[in-house]
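Side chains included, hydrogens not; waters and symmetry mates left out as well; all remaining heavy atoms used.
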Amino acid sequence: MSFHFNIREIASATMILFAVIDIVGSIPIIISLRNKVGHIQSGKASIVAACLMVAFLFVGEEILNLIGIDINSFAVAGAFILFFLAIEMILGITLYRDEEPKSASIVPIAFPLIAGAGTMTSILSIRAEFYVENIIVAIILNTIFVYLVLKSSKKIERVLGKGGLSIIRKVFGVIILAIAVKLFASNVNELLAP
């Protein structure tokens with residue numbers, strides 16, 4: 001069994017997941033949850049989110065096969081979701097958002113805040129492009145970052161301020177938009193090839 005570790009793939013997958021998870025943009029929600037319920041279990045939420053993402057990486061394709069959808073079709077669908085996420089981030093509009101969670105347990109933090117629909121779609125979409133081991137490293141790196149952000153969310157909000165958070169969201173929105181276009185183009189060509 002040979003591994004195909006590739007720094008460029010790891011960096012790309014890490015940036016995609018970082019942008020889609022958008023933990024920095026979620027700081028206001030995390031702060032509000034912390035104020036409502038007190039303590040957030042940062043470690044537990046991060047580990048559960050990582051387990052969900054890795055599990056979906058391995059069984060997500062089998063679930064798709066069960067319902068008769070190939071990975072390229074799913075990647076094209078994922079490109080549309082990423083496109084709309086990017087539009088939300090760049091323009092500062094809300095096309096769709098779940099209601100703000102009522103408690104700070106694993107359910108609202110780990111899922112859907114960290115490992116939500118956009119994250120799961122992105123994981124399967126990038127699986128069509130990258131080796132699994134590189135995606136796992138990207139998931140681990142993002143989980144570490146998520147943990148650090150959850151632990152120090154109040155300090156980050158004070159340092160960046162609302163303007164800083166807004167700039168970061170817009171920058172990552174543009175990155176996601178570019179990724180969506182690339183995913184769409186490469187997977188549509190796969191689907192249309194004879």
Taken in chain and number order and not counting sequence neighbours, the residues that satisfy side-chain contact (heavy atoms from CB on, under 4.5 Å) with A180 are L82, F83
Which heavy atom of L17 sits nearest to which heavy atom of S122, and what is that distance?
CD2-CB, 4.5 Å
Atom pairs and distances, donor-acceptor, side-chain atoms in residues 133-141, under 3.5 Å, two or more places apart:
unit_1, atom_1, unit_2, atom_2, d
E133, OE2, H4, N, 2.5
E133, OE2, H4, ND1, 3.4
N134, OD1, N6, N, 3.0
N134, ND2, H4, O, 3.0
N134, ND2, E9, OE1, 2.6

Calculate, to the nearest 0.5 Å, the distance between atoms CG and CG belonging to N72 and L64 respectively.
11.0 Å
Qualifying ring pair (Phe, Tyr, Trp, His ring centres under 6.0 Å) pairs, either residue in residues 137-167, two or more places apart
F18-F145
Please test L52 against T119 for side-chain contact (heavy atoms from CB on, under 4.5 Å), starting from the C-alpha separation and ending with a verdict.
CA-CA 10 Å; L52 283 171; T119 307; over 6 Å; no
Over 12 non-hydrogen atoms of neighbours within 6.0 angstrom of CD1 in I7:
no
CZ of R169 to CD1 of I90: how many Å apart, nearest 0.5 Å?
11.0 Å
If you round to the nearest 0.5 Å, how far is CD1 of I16 from CD1 of I175?
10.0 Å
Got a sec, which residues hit side-chain hydrogen bond (donor to acceptor under 3.5 Å, both in side chains) with N142, two or more places apart in sequence or on another chain?
none
For the hydrophobic clusters of this structure (ILVMFWY residues joined by side-chain heavy atoms under 4.5 Å, transitively), does one cluster hold both M120 and V59?
no
4.5 Å side-chain heavy-atom contact, L177 and M89
no
Working to the nearest 0.5 Å, report the span between CD1 of I81 and CG of L85.
7.5 Å
For residues 43-56, pull every pair meeting side chain to side chain donor-acceptor pair (under 3.5 Å), keeping only residues two or more places apart or in separate chains.
none
About how many Å separate CZ of F56 and CG of L124, when rounded to the nearest 0.5 Å?
4.5 Å
Partners passing side-chain contact (heavy atoms from CB on, under 4.5 Å) against L160 (at least two apart in sequence or in another chain):
V24, I156, L165, I168
Give the cluster check for V171 versus V149: same hydrophobic cluster or not, with ILVMFWY residues linked at side-chain heavy-atom distances below 4.5 Å.
yes
With clusters defined by side-chain heavy atoms of hydrophobic residues (ILVMFWY) lying less than 4.5 Å apart, directly or transitively, does I63 cluster with I126?
no
Shortest non-hydrogen contact between A45 and A110, atoms and distance
O-CB, 3.4 Å
Give the intermediate values and the outcome of side-chain contact (heavy atoms from CB on, under 4.5 Å) for residues Q41 and V48.
CA-CA 11 Å; Q41 295 176 316; V48 169; over 6 Å; no
Is I167 reachable from M15 through a run of I, L, V, M, F, W or Y residues, each pair having side-chain heavy atoms under 4.5 Å apart?
yes
Do you reckon V76 sits in the same ILVMFWY cluster as V181, going by side-chain contacts under 4.5 Å, direct or chained?
no
Which pairs count as salt bridge (charged side-chain N to carboxylate O under 4.0 Å, His left out) when at least one residue sits in residues 50-71, sequence neighbours excluded?
E61-R127
I'd like to check the salt bridge (charged side-chain N to carboxylate O under 4.0 Å, His left out) partners of K182; sequence neighbours left out, ordered by chain and number.
E129
Taken in chain and number order and not counting sequence neighbours, the residues that satisfy side-chain contact (heavy atoms from CB on, under 4.5 Å) with A79 are L183, F184
I'd like to check I114 versus L150 (side-chain heavy atoms, cut-off strictly below 4.5 Å). Are they in contact?
yes
Quick one: list whatever passes side-chain contact (heavy atoms from CB on, under 4.5 Å) with S153, sequence neighbours left out.
I27, I30, I31, R34
